[in-house]
Every structure is written in C-alpha cells, then in structure tokens.
Amino acid sequence: MERFAIRGHICYSEDQKKIRTVDQGYVVCEDGKSRGVFETLPEEWRGIPCRDYGDKLIIPGLVDLHVHAPQYTFRGLGMDQELIDWLNTHTFPEEEKYKDTEYAKKAYHIFIEDLLHSATTRACVFATCHKEATLWLMEKMEEAGLAGYVGKVNMDRNSSEGLQEESAQKSAKDTEAWILEAADLTNVKPILTPRFIPTCSDELMEKLSELQKKYQMPAQSHLSENLSEIEWVRQLCPKASCYGDAYRLHGLFGGDCPTIMAHCVYSDEEETRMMKEQGVFIAHCPESNANLASGIAPARRFLDQGLKMGLGTDVAAGTSLSMFRAMAMAIQCSKLRWKLQDQSLPPLTVEEVFYLATKGGGEFFGKVGSLEPGYEFDAVVIDDGILRHARELSTKERLERLIYLAEDRQIDAKYVKGKQVLPIEKNCR
Ligand code: GUN
Ligand code: FE
C-alpha cells in the first residue's frame, strides 16, 4: 500500500455553496485516493512520508470538460467571426493539417506541455477525425501523467472536402479500429465524438450508436451554441423535437451513454428537461461563447434546476487553457447576462464556479474533483507569493484572488491519481 501526505493551506468545494478551507492542514493519499483532509495528522498515519508545502495553497486538480487539442495552434487568432464562418475559415483548414501525423505531433506536443503546466488534471478533449494523430495524442497525454477522455472526431458531411470523412461507413470503421487500439491506455480513455449534428449524417449517428452499445462508450458533442446552427439542425433533422432530441433519437444523449454537451446557450425548457432526465453533463464555456458572440448560457438556471455541469475552455474558440480564466469568465458573463438580459437569474458566485471547475465537472469521471475521502487524489499546489499585498488575506480570499489572477508559473506541484506529475525533471522539457 502506498501512503503519503501533503501539507499546506487546503481549499476544496463541499457543495455549490460552500468552500472548506483548512490552514496548515494535511491531505492523505492512499493508493491514488484521498483519505481526507485533517487539521492534524491522525495518529495511525504519523510517520508516513509528508511533504510540507508551507504557506502554499492546495486545491483539487481542475477539470476542463471541453477543449479542442488541434485548435491550440490558432488560439487568439480569428476571433472576428461567429460559429459557422469561424469553423469554415479557421477551424476546418487547420484540422485538415492533422492528416499529416508529423505536423500533428509537433502541434500536440506543445498542447500537452502547456496543459501539463496548467492547473488542469483532467480534460475531455476533441482531437480531429484522424486516427493516427489522435492515438499519438492519447499516448503522449498518458505518458505526461494527465488523465481524461479524448475523442477521434466524426464528421461525414457539411465540412471541407479535405477534412470530412469519405463516408459514414469509413468513419465508423476507423472509429472502431481506434477504440480497439486505445484499449491499452489506462488514464486517457476514448470517448465517442460526433462533432455536431450538422456534420454527422443519420447513418453515421446510427453507426456510432451501435459502437456506443457494443463498447459501452461515453460521448461528447456540441449543443445549442448559436442561433443559426440551431436553425440549421431544425432543417436537417425535422423529426427531432429540439436539437438535443436529434442526439437522443440515436441514443447519444445521456441515459446509458454518459454524455457531455458543450455550450447549451439556447437550451429551452424542453431541452433542459431532457438533459436533466437523461443526466447529460453541460460543459459551460463562457469565454468561447463571448469570443464567437454566441451568447451567454443560463448557467444559474442550470445550477438551480440541479443539472449536471462543469466548465470548459473550448480552446480555440476560448483563447486560454486556464480553468481559472474559465471560472472568472463564468462569473463575469453571468453578471452581464443578469444586468442586460434576465434579472431573474443572479450572477454566479466564487463558491459556485469553484464547484463547477472541480466537483461539478469531476463527477463525469466518478469520484473526482474533491479532496474528501474516497476521491481520486488529483491535487494542485499553488504559490501565490508573487501576488504582493499589504494586508493579511484569508485562505479563502487567496483562492478568490487566484480565480482572477492565477498564472501557470505559480503552479508548484501537481498530482494526478496520487502520482506527482509536476514538477518534472528539468532536462525532460
Ligand atoms: N461546433 C462544432 N464544432 C465546433 C468547434 O470546433 N468549436 C465550437 N466552439 N463549436 C463547434
Ligand atoms: Fe467546442
């Protein structure tokens, strides 16, 4: 049995309304799982190895529920268009390049290094429709010590000739081969990834549904992000009662298929009810929704109605891999929505966004996103010493300030499933 403890100023989310802080506390790890947070180390564990991080903060690893690895190359560029034009002008031409596995390796290497040095311990990643490059990304993420799901994207219509797959059959065949080849990985798992309804024919969705049942796979996609997109889906899929129903008709909308849907900016009452009934996870991506002028999702309503939800960076519609930035944007956008659009939905709080970035998104992985007993030991140690201040701050205030001001260089150590993945040996970089 492997046991150790780390010591510092510990913060974690008890629930949506409460952050627990323990100053100079201990969190004990046993075989990759937390045994809990303690003010003093319990008698039975005196003498186990303990690393004292002094005045630094210790938080659960952050969970990015929605990010596109191949889009990291053009982050911060081309932010002058809305969704469909942005896909056609910037996204599809870039993703096309990943059929060249050498290019993909160069690009994914940078993505992985930057993700490793962020506070994110788990991510749900879209790759491209290219099998080889996607497998390479998964293997290297696992080698780096990261955990999560990665999807080989499926798309057989309405995209560029050079990118979209030649038929539903070929797309499904490649997907099955990829699922089998990825089966050896332990911490980075495959997830079915139909890009969104406009780029996936009914035939393809049916084939993915068969694979879902055969391999008991989870799924991820996009939902109700943009008004033109929603209108397009209405035309493409007249049988569906709403956009979400177009996935549900093919068994790819929660229920027996654990599912993440990114955005949900315009999900109406019916779609929201369907997501709740089916246990669909919402990936709320406020920065992306601002950059593509998509709108502001009613995150407050989803939280109050008890939907499952986490935060996503959605790089490269979002510019940054920082989940702190996603938390800050979630608060800021909810304030604008409240002031300008709907005064019945008050802004999100620090407690709520910290919950979403940890326990809320972490639930998709099981017991992830907390330091409470039984949770997988994903932890990040942060040195906020470079943020100078003239008065004493409580641990809770230090966390609150990091939401707005954290930088990757403040991350001192990172653990995933009990294994320390940062810092890495200098000569490994
Ligand atoms: N909808 C379909 N594909 C994409 C994508 O790559 N990014 C975003 N934000 N929305 C999408
Ligand atoms: Fe996306």
Side-chain angles (χ1 to χ4, degrees), residues 64-98 107 111 123-130 134 148-160 163-165 191-201 204-205 219-233 236-237 243-244 246-247 252 259-267 281-297 310-321 323 326 329 333 361:
D64 187 344
L65 270 195
H66 185 79
V67 56
H68 296 257
Q71 298 176 14
Y72 195 55
T73 45
F74 66 98
R75 65 195 183 281
L77 298 173
M79 304 268 75
D80 53 348
Q81 288 171 318
E82 294 190 41
L83 176 65
I84 308 297
D85 290 337
W86 174 80
L87 286 173
N88 288 322
T89 315
H90 298 284
T91 310
F92 294 159
E94 178 61 25
E95 291 194 12
E96 216 177 298
K97 296 183 190 161
Y98 287 71
F111 169 79
C124 294
V125 181
F126 279 54
T128 61
C129 51
H130 309 98
T134 303
Y149 289 105
V150 174
K152 183 205 99 59
V153 171
N154 298 97
M155 46 200 298
D156 70 336
R157 67 175 179 186
N158 292 325
S159 0
S160 62
L163 180 62
Q164 76 189 27
E165 297 167 291
I191 181 167
L192 287 173
T193 305
R195 178 169 215 123
F196 65 157
I197 293 291
T199 61
C200 299
S201 66
L204 175 54
M205 293 299 280
Q220 60 179 357
S221 195
H222 296 94
L223 181 66
S224 297
E225 174 177 5
N226 167 291
L227 291 170
S228 317
E229 170 210 22
I230 294 168
E231 181 48 37
W232 196 10
V233 171
L236 287 167
C237 207
Y243 191 164
Y247 292 105
L252 297 171
T259 302
I260 300 168
M261 284 290 158
H263 306 304
C264 307
V265 176
Y266 296 101
S267 296
F281 278 74
I282 296 169
H284 176 43
C285 306
E287 202 205 344
S288 160
N289 299 153
N291 286 333
L292 298 185
S294 300
I296 304 173
L311 298 179
T313 59
D314 195 25
V315 161
T319 53
S320 166
L321 284 177
M323 286 299 298
M329 287 291 293
C333 290

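Atoms within each ligand, like the ligands themselves, are counted from 1 in listed order.
- For ligand 1, the atoms closer than 4.0 angstrom to any heavy atom of R195 are 2 (C), 3 (N), 4 (C), 5 (C), 6 (O).
- Remark: D64 pairs with T313 by the side-chain hydrogen bond (donor to acceptor under 3.5 Å, both in side chains) rule, at least two apart or across chains.
- For the side-chain hydrogen bond (donor to acceptor under 3.5 Å, both in side chains) test, residues two or more places apart in sequence or in another chain that qualify with Q220 are T193.
- Side chain of R157 to main chain of C200: a donor-acceptor pair is present (N/O by atom type, distance under 3.5 Å, no hydrogens or angles).
- Here is the list of ligand 1 atoms found below 4.0 Å of a heavy atom in D314: 8 (C), 9 (N).
- Using a 4.5 Å cut-off on side-chain heavy atoms (C-beta onward), S288 and E225 make contact.
- Those atoms of ligand 1 that come under 4.0 Å of a heavy atom in H263, given as number and element, are 9 (N).
- Counting heavy atoms under 4.0 Å from ligand 1, residue W86 touches it through the side chain alone.
- Close approach to L87 involves these atoms of ligand 1, each under 4.0 Å from a residue heavy atom: 2 (C), 3 (N), 4 (C), 5 (C), 6 (O).
- With 3.5 Å as the limit, one finds a donor-acceptor pair spanning the side chains of D156 and S201.
- Ring centroids of Y247 and H222 are separated by 6.0 Å or more, keeping the two rings apart.
- The Fe ion (ligand 2) has H66 NE2, H68 NE2, H222 NE2, D314 OD1 as protein N, O or S atoms under 2.8 Å away.
- Residue contacts with ligand 1: E225 is placed with a nitrogen or oxygen under 3.5 Å of a nitrogen or oxygen of the ligand (distance criterion only).
- The contact set between ligand 1 and Q71, taken as ligand atoms under 4.0 Å from a residue heavy atom, comprises 5 (C), 6 (O).
- Note on residues 76-94: pairs passing salt bridge (Lys or Arg N to Asp or Glu O under 4.0 Å), not counting sequence neighbours, are E94-K97.
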